[in-house]
Number of protein chains: 2
Amino acid sequence: MTTPEPTPDAAAPDPADGPRTPKSERTRQQIVAAALTLFREQGYQGTTMRAVAASAGVSVGNAYYYFSSKEELIQGFYDQMVTDQAAACVELFAASTDFASRLRGALLAWLDAAEPYHEFAGRFFATAAQPDNPLSPFSQASSPARDASIALYRELIGGARVTVGDELAATLPELLWLYQLGVVLYWVHDSSEGTARTRLLIEHTVPMVSRLVRLSRLPVIRPLSRQTAELVGLLRGPRAG
Amino acid sequence: MTTPEPTPDAAAPDPADGPRTPKSERTRQQIVAAALTLFREQGYQGTTMRAVAASAGVSVGNAYYYFSSKEELIQGFYDQMVTDQAAACVELFAASTDFASRLRGALLAWLDAAEPYHEFAGRFFATAAQPDNPLSPFSQASSPARDASIALYRELIGGARVTVGDELAATLPELLWLYQLGVVLYWVHDSSEGTARTRLLIEHTVPMVSRLVRLSRLPVIRPLSRQTAELVGLLRGPRAG
DNA sequence: ACTAGGTTTCGAACACGTTCAAAACCTTTC
DNA sequence: GAAAGGTTTTGAACGTGTTCGAAACCTAGT
């Protein structure tokens, strides 16, 4: 891979990198816990940094010592999603080798993990959608989470009894991740009871995706598969000039 | 429809509805003009409401009398995009009946119209991505712009010499609009010289879309086409419970 | 001309995200 | 234990989006 990792700031005094002392780690946790609770109870906008700090028993300035902005407090939620989904998938992947079931399960697992935060997830993904924002799913900062997610999909495919065409094999995990991104985008806007519409979307699209994957080896479709793979490679990462 | 439209405030004294007096309309224009200029020069974040007001020669409070938030000042830009694109397409559609050319031209027209605002478009689309935001492309408030855009694509198809399968005919304009939304999303994140990567994306995907449309009538693909159309109908508008 | 009722304009005041210089605290070294 | 040097914590202060009550302005009716 030629990914131009730009030397990740070795000597940065950022307390976000790793826990220096146990105590500071505890403070950090208090703050993020207070924040997530308040976000759930009052929504993102309704929660002030003063309230977060007070609820965590620290000063405002201290909260900013650990998190450089209000938005950054959300990374905690973000990380949680990915790990929760992965955890749920371990069991799931052991239980079935059917591609569609695995895909469906993985998406539903994400949904379950995200449910409690639905209200403020809108605010989150919106700001995350900003190009320069470190929370953007495409950004350098969230590449660990992204890579983990893509790896999950690679495993999903690997353990399923489907034969993917050569052209698409390498790219499919990334494509499925993009597909998930689309589902999430829909979910964010979904205000139906129990996010029923998103579930509907999943129930309907999983078979379609599954069918597409199978079709991708068909002679008439093959050129499309190849072009798709090429494209993803070509455009990977719009932010890099 | 059971959409619980909460009686759209018939007697609302909102000056946004229509121009009451010529003078007030002039003031409104001054403000939006000043805002767009400053946005271009200083970026969105770099522009304060105080600066906008001062540059328009009015008070801060007055600016808020016309626009209920800083974000709302952006609707002007939004509207401009759609009309500019439509204008460019009149000529274009007269010139060619080839589906791919027309599609490519329409997308490039949008790109040209949007180019000067690329920097702050990120901020715009990000906040617009928020579910409850009136600037959201799915919201009630921007349904005129959306409908206009979809109509443009309907015309694009209508005047092209392609035969679209029955299952997809009614839904295709909406699908193309979604496709454009995807391109825009990519563009927003594209910081390459002259947004070259977005142009690359267009050059590569237009033939693919074109091919897909042609393939959609194939017996093996037909079920997929039908499912797609069904899905769009089923899920249209995630915000309505 | 004067008044009444609506529309438009004003700018001080407010709330909240964020910054910063100084203090408190902790660990290590002598 | 005292000093030195780093880490953590504090809260007052700042900038900016937004609100609000009051003033200025306009139009129509008498």
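Below, chain A is the first sequence line, B the second, and so on; all start at residue 1.
- Side-chain N/O atoms of A/Thr48 include none lying less than 4.0 angstrom from OP1 or OP2 on C/dA15.
- A/Tyr186 places none of its side-chain heavy atoms less than 4.5 Å from the side chain of A/Leu200.
- The CZ-C1' distance, from B/Phe67 to C/dT8, rounds to 14 Å in whole Å.
- Nearer to the 5' terminus of DNA chain D, by closest-nucleotide assignment, is the contact made by A/Gly57 (compared with the other of A/Gly57 and A/Arg50).
- Considering only heavy atoms from C-beta on, A/Trp110 stays 4.5 Å or farther from A/Leu107 through its side chain.
- We find that CE of A/Met49 is positioned 10 Å from P of C/dT19, with the value rounded to whole Å.
- To the nearest angstrom, C1' of D/dC20 lies 14 Å from CG of B/Asn62.
- Remark on DNA chain C: of its neighbouring residues B/Lys23 and A/Val60, the 5'-side contact belongs to B/Lys23, judged by nearest-heavy-atom nucleotide.
- In terms of phosphate contacts, A/Ser24 brings a side-chain nitrogen or oxygen within less than 4.0 Å of OP1 or OP2 of D/dT8.
- Taking atom CD of A/Glu25 as the reference point, atom C1' of D/dT8 lies 14 Å away to the nearest angstrom.
- Following rounding to the nearest Å, B/Gln45 (CD) and D/dG15 (C1') show an atom-to-atom distance of 13 Å.
- Atom OH in A/Tyr64 sits about 6 Å away from atom P in C/dG17, given to the nearest Å.
- Both tests do not hold together for A/Arg28 against A/Tyr65: distance to the six-membered ring centre under 6.0 Å, angle to the ring axis within 45°.
- Taking the side chain as every heavy atom from C-beta outward, A/Gln180 and A/Leu176 never approach each other to under 4.5 Å.
- A/Val58 comes within contact range of the sugar-phosphate backbone alone, with a heavy-atom separation under 4.0 Å but no base atom that close.
- Between the OH atom of B/Tyr65 and the P atom of D/dA22 there is a distance of 18 Å, rounded to whole Å.
- B/Tyr66 places its OH atom 18 Å from the C1' atom of D/dT19, with the value rounded to the nearest Å.
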